[in-house]
Amino acid sequence: NAGVTQTPKFRVLKTGQSMTLLCAQDMNHEYMYWYRQDPGMGLRLIHYSVGEGTTAKGEVPDGYNVSRLKKQNFLLGLESAAPSQTSVYFCASSYSIGGSWPQHFGDGTRLSIL
Amino acid sequence: DAKTTQPPSMDCAEGRAANLPCNHSTISGNEYVYWYRQIHSQGPQYIIHGLKNNETNEMASLIITEDRKSSTLILPHATLRDTAVYYCIVRAYMDSNYQLIWGAGTKLIIKP
């Protein structure tokens, strides 16, 4: 049972570079989420998806793009990385949003922008 | 803004019950309260959730007040491995959609 898998686990970028973070889930969940977590703070929602082919903005979407081409995958893109995007990024999935369905999280991607 | 209020930190002796409070005074009638924990920067781990009634599972118990404005997570026999940041979360309607809003949580330290 893999659950939610994030790749890569660590990455160092230079300012202005681009990259894509991949999230994969094997639980057939409809909802998927990307969060960022800065030191000493809770998680902040970047973007989320309510199903294949759909995406929506969360609390802090600026500087990020997402795609959900397949139900099991949710990609987070940084087109031009900035030092302010240095953070730990977590992906999550759930059967539904809220209600009686909790979110399941991956182990995170630690991203440093120099 | 977070929809919940939690103390920033708490201590508990190993083997004792850890009681973590949470205020959610603006919770709506059909909204669940969720509890997660995060151990040393790992991915958050789901613990328990509830609506109106008290809930118990293999990890913890959740006590929700009758007016639903606050709740308490109880770890009945805390161990050193329960040292973590505990998050109490409710759903909020933002930007035309429902989102789970995470606060800073309570850092629980279990002491030997």
Side-chain angles (χ1 to χ4, degrees), chain A residues 2-7 9-10 21 23-25 27 29-51 54-62 87-111, chain B residues 1-9 22 24 27-53 55 57-60 62 64 73 84-107:
Chain A
V4 178
T5 303
Q6 293 184 232
T7 53
K9 297 189 184 307
F10 304 93
L21 281 64
C23 177
Q25 54 95 3
M27 296 171 283
H29 285 165
E30 290 293 333
Y31 288 73
M32 297 188 73
Y33 316 82
W34 275 108
Y35 292 92
R36 62 175 288 173
Q37 185 176 33
D38 299 316
M41 298 180 63
L43 278 69
R44 291 186 293 170
L45 183 64
I46 305 171
H47 286 280
Y48 65 102
S49 168
V50 302
T54 69
T55 63
K57 294 180 180 179
E59 183 184 358
V60 288
D62 294 342
S87 189
V88 180
Y89 291 85
F90 289 102
C91 176
S93 71
S94 66
Y95 182 78
S96 180
I97 191 166
S100 188
W101 306 103
Q103 295 183 11
H104 299 263
F105 285 82
D107 290 332
T109 295
R110 283 147 183 80
L111 184 61
Chain B
D1 290 338
K3 300 279 287 183
T4 61
T5 303
Q6 299 176 255
S9 64
C22 178
H24 32 79
I27 192 170
S28 301
N30 61 346
E31 299 289 358
Y32 283 79
V33 178
Y34 304 85
W35 283 84
Y36 289 78
R37 72 180 183 183
Q38 190 174 25
I39 298 173
H40 192 54
S41 299
Q42 295 177 12
Q45 177 189 23
Y46 164 75
I47 301 173
I48 198 168
H49 71 280
L51 183 61
K52 296 180 180 178
N53 300 320
E55 302 288 344
N57 62 20
E58 65 277 5
M59 291 181 66
L62 176 60
I64 303 174
L73 179 74
V85 178
Y86 288 77
Y87 296 96
C88 168
I89 305 158
V90 298
R91 192 173 62 169
Y93 194 73
M94 293 177 58
D95 298 326
S96 305
N97 276 296
Y98 284 104
Q99 301 180 22
L100 295 181
I101 305 300
W102 297 64
T106 296
K107 185 173 184 178

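Just so it is clear, the structure is predicted and the values come from calculations on it, not from any experiment. A note on names: the letters A, B, ... follow the listed sequences, proteins ahead of strands, and every chain is numbered from 1.
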Relative to chain A, which segment of Gln38(B) carries a heavy atom at a distance below 4.5 Å: side chain, backbone, both, or neither? side chain

OG1-OH distance between Thr54(A) and Tyr31(A), expressed to the nearest 0.5 angstrom: 8.5 Å

side-chain contact (heavy atoms from CB on, under 4.5 Å) evaluation trace for Glu55(B) with Trp35(B): CA-CA 12 Å; Glu55(B) 302 288 344; Trp35(B) 283 84; over 6 Å; no

Below 4.5 Å from any heavy atom of chain B, which atoms of Arg44(A) appear? Answer side chain, backbone, both or neither. neither

For Ser94(A) and Tyr33(A), does a side-chain donor sit closer than 3.5 Å to a side-chain acceptor? yes

For Tyr36(B), which residues count as a side chain to side chain donor-acceptor pair (under 3.5 Å) partner, sequence neighbours excluded? none

By side chain to side chain donor-acceptor pair (under 3.5 Å) - contacts of His29(A) (at least two apart): Ser93(A)

Is it the side chain or the backbone of Gln37(A) that comes within 4.5 Å of chain B heavy atoms, both, or neither? side chain

Only pairs of heavy atoms separated by less than 4.5 Å count here; which of Gly50(B), Gly43(B), Pro44(B) has the most with chain A? Pro44(B)

Is Leu45(A) in contact with chain B via its backbone, its side chain, both, or neither, using a 4.5 Å heavy-atom distance? side chain

